[in-house]
Amino acid sequence: MTDDVVAPMRGRTQPDRVAIASLARLRIVQNPLSLALLARVRDRRTNIFEFGALSTQLASLLLWDACHDVALAETQVPNFAGEAITVHQLAERVAGVAILRAGLLFATPFRGIMPDAPLHQIGIRRDERSLRAIVYGDNLPTDADWADRVLILDPMLATGGSAVAALKHIRRSHSGNIAVVALIAAPVGVETVLRADPDVRVFTAALDDRLDDRGYIEPGLGDAGDRLFGTMNI
Ligand code: PRP
Ligand code: URA
C-alpha cells in the first residue's frame with residue numbers, strides 16, 4: 001500500500017482545447033464508427049449493459065491504435081499445404097496497467113487483442129472534494145525490466161491526477177515506452193500528463209471541452225466507474 005498524492009487542478013485556468021489538440025504526443029482516434037459508439041456511450045439513457053458493451057468496443061479501437069507501431073519479428077509456422085511460411089509476431093513485450101476500478105473496462109479488449117500480454121492493476125481513488133488522486137495498491141512486477149511498452153488504461157482523463165499518479169508509480173521500475181489510453185480526455189488532463197513525462201503519449205477517442213467545477217469532463221459521459229458497475233445514486 002502506498003499513499004501517493006497528486007496535486008489537484010481545481011482553480012487553475014483550463015488550457016485551450018484547440019491548442020492541446022495540435023500536440024504531437026496526443027493522438028485523437030476518430031472515425032465514423034468510433035463517433036457513433038461515443039454518441040451512445042455519452043447518452044445518459046444508455047443502460048449499464050449497453051454502456052459496458054459499447055465502451056468496450058471503443059476501448060478496443062484505442063488499443064489497436066496505441067499499438068500501431070509495436071515492433072515485429074519474423075517467424076515461421078507450418079501452413080495447411082505442409083510448407084513453412086514466414087509470418088510476424090510481436091517483438092515487444094507489451095503490458096497493460098488498468099487503473100481501478102473503471103479501467104477494468106479495458107480488460108476484455110486487452111485480453112482479446114493481446115492474449116499473451118500481462119494486464120496489471122493499480123488502485124487509484126480520486127478524492128471528490130480535493131480532486132487528489134490516492135494510490136491505494138498495485139500488483140505491478142517488482143523486477144526492473146518487466147515490459148518494453150506499458151499502456152496505462154483508464155476511460156477518463158480528467159484533471160490527469162490519476163494518470164500521473166500511475167505514471168510515476170510505473171516509472172519507478174519502467175523506463176521504456178509508455179502511453180495513457182483513455183476513452184475521453186479533458187485538455188487540462190492531457191496537458192498535465194504530457195508535462196509529467198517527456199516521453200509519454202496519450203491516445204483518446206475524444207478531446208472534450210473542459211472540466212466542470214466538480215472536476216467532471218464536459219460534455220463527458222458522467223462517472224465511468226458508476227456507469228460500468230451500476231453504483232450511481234440516480
Ligand atoms: C475516475 C476515473 C479516473 C479518474 C479520472 O476514477 O475512472 O480514474 O476518475 O480523474 P482524474 O483525471 O481527475 O484523476 P474514480 O476515482 O472516480 O474511481 P473509480 O474508477 O473507482 O470510479
Ligand atoms: N471520473 C469520471 O468517471 N468522469 C469524469 O468526468 C471525471 C472523472
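Every number for a ligand or one of its atoms is a count from 1 in the order of the listing.
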Novice: I need the nearest protein heavy-atom contact for atom 17 (O) of ligand 1: residue, atom name and distance, please.
Specialist: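 Of the protein heavy atoms, Glu128 OE2, 3.8 Å lies nearest.
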Novice: Return yes when Gly160 approaches ligand 1 closer than 4.0 angstrom through a heavy atom, no otherwise.
Specialist: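 In this structure, Gly160 qualifies as a contact of ligand 1 - some heavy atom is under 4.0 Å.
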Novice: Tell me whether ligand 2 is touched by Arg126 - counting only heavy atoms on the residue side and a distance under 4.0 Å.
Specialist: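 Under 4.0 Å: yes for Arg126.
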Novice: Measure from atom 6 (O) of ligand 1 to the protein's non-hydrogen atoms and state whether any distance is below 4.0 Å.
Specialist: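 Given the 4.0 Å cut-off, atom 6 (O) of ligand 1 does not count as touching protein heavy atoms.
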Novice: Going by the salt bridge (Lys or Arg N to Asp or Glu O under 4.0 Å) test, name the single residue among Arg42, Arg210, Arg17 that passes it with Glu218.
Specialist: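 The option that passes is Arg210.
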Novice: Just let me know how Ala224 lines up against ligand 1, side chain, backbone, both or neither, with a heavy-atom cut-off below 4.0 Å.
Specialist: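 Ala224 to ligand 1: no contact under 4.0 Å from either part.
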Novice: So, is Gly225 polar-close to ligand 1, with some N/O to N/O distance under 3.5 Å?
Specialist: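 N/O-N/O distance below 3.5 Å does not exist for this pair.
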Novice: Heavy-atom contact under 4.0 Å between Ala102 and ligand 2?
Specialist: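 No.
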Novice: Any heavy atom of Asp154 sitting closer than 4.0 Å to ligand 1?
Specialist: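 True for this residue.
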Novice: Can you tell me how far the CG atom of Leu140 sits from the CH2 atom of Trp146, to the nearest 0.5 Å?
Specialist: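 Result: 5.0 Å between the selected atoms.
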Novice: Which atoms from ligand 2 have a heavy atom of Ala224 less than 4.0 Å away?
Specialist: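 Going through ligand 2 atom by atom, the ones under 4.0 Å from Ala224 are 2 (C), 3 (O).
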Novice: Do the charged groups of Asp148 and Arg93 touch, with an N to O distance under 4.0 Å?
Specialist: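 Result for this pair is yes, salt bridge flagged.
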Novice: Looking only at heavy atoms, which two atoms of Leu104 and Phe229 are closest? And how far apart?
Specialist: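 That would be CD1-CZ, 4.1 Å.
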Novice: Geometry only, no angles: is Arg126 polar-contacting ligand 1 at N/O separations under 3.5 Å?
Specialist: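 Looking only at distances, the answer is yes, because the N/O contact criterion of under 3.5 Å is met.
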Novice: Considering only NZ, NE, NH1 and NH2 on the basic side and carboxylate oxygens on the acidic side, decide whether Arg45 and Asp43 come within less than 4.0 Å.
Specialist: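 Counted as a salt bridge, because a side-chain N and a carboxylate O are separated by less than 4.0 Å.
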Novice: For the pair Arg101 and Asp154, find out whether any cationic side-chain nitrogen is under 4.0 Å from an anionic carboxylate oxygen.
Specialist: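 A salt bridge is absent here (no side-chain N lies under 4.0 Å from a carboxylate O).
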Novice: Give me the nearest non-hydrogen protein atom to atom 14 (O) of ligand 1 as residue plus atom name, then the distance to 0.1 Å.
Specialist: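 Checked against all protein heavy atoms, atom 14 (O) of ligand 1 sits closest to Ser162 OG, 2.6 Å.
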Novice: Could you measure the distance from the CZ atom of Arg40 to the CD atom of Glu50? Nearest 0.5 Å is fine.
Specialist: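 If I round to the nearest 0.5 Å, the distance is 5.0 Å.
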Novice: Please report which non-hydrogen protein atom sits nearest to atom 13 (O) of ligand 1, along with the residue it belongs to and the distance in Å to one decimal place.
Specialist: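 In this structure, atom 13 (O) of ligand 1 has Thr159 OG1, 2.6 Å as its nearest protein heavy atom.
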Novice: Quick check: does Arg101 get an N/O under 3.5 Å from an N/O on ligand 1?
Specialist: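 Yes: some nitrogen or oxygen of Arg101 is under 3.5 Å from one in ligand 1.
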Novice: Evaluate the side-chain proximity of Leu167 to Ile178: yes if any heavy-atom separation is below 4.5 Å, no if none is.
Specialist: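 A side-chain contact exists here, since the closest heavy-atom pair is under 4.5 Å.
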Novice: Is it the side chain, the backbone, both or neither of Ala158 that has a heavy atom closer than 4.0 Å to ligand 2?
Specialist: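 Looking at Ala158 and ligand 2, just side chain atoms fall under 4.0 Å.
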Novice: Just to be sure I'm reading this right: ignoring hydrogens, which of Leu228, Ile124, Leu157 gets closest to atom 18 (O) of ligand 1? Compare them by their nearest heavy atoms.
Specialist: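 Comparing heavy atoms across Leu228, Ile124, Leu157, the nearest one to atom 18 (O) of ligand 1 lies in Ile124.
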Novice: Could you tell me whether some N/O pair between Ala158 and ligand 1 is separated by less than 3.5 angstrom?
Specialist: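 There is such a contact, yes.
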Novice: Are any of the side-chain heavy atoms of Leu23 and Leu194 separated by less than 4.5 Å?
Specialist: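 With C-beta onward as the side chain, the pair touches.
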Novice: Would you call Asp116-Arg111 a salt bridge at under 4.0 Å N-O?
Specialist: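 Looking at Asp116 and Arg111, the cut-off is not met.
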Novice: Determine if the distance from atom 3 (C) of ligand 1 to the closest protein heavy atom is below 4.0 Å.
Specialist: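 Yes; the ligand atom in question has protein heavy-atom contact below 4.0 Å.
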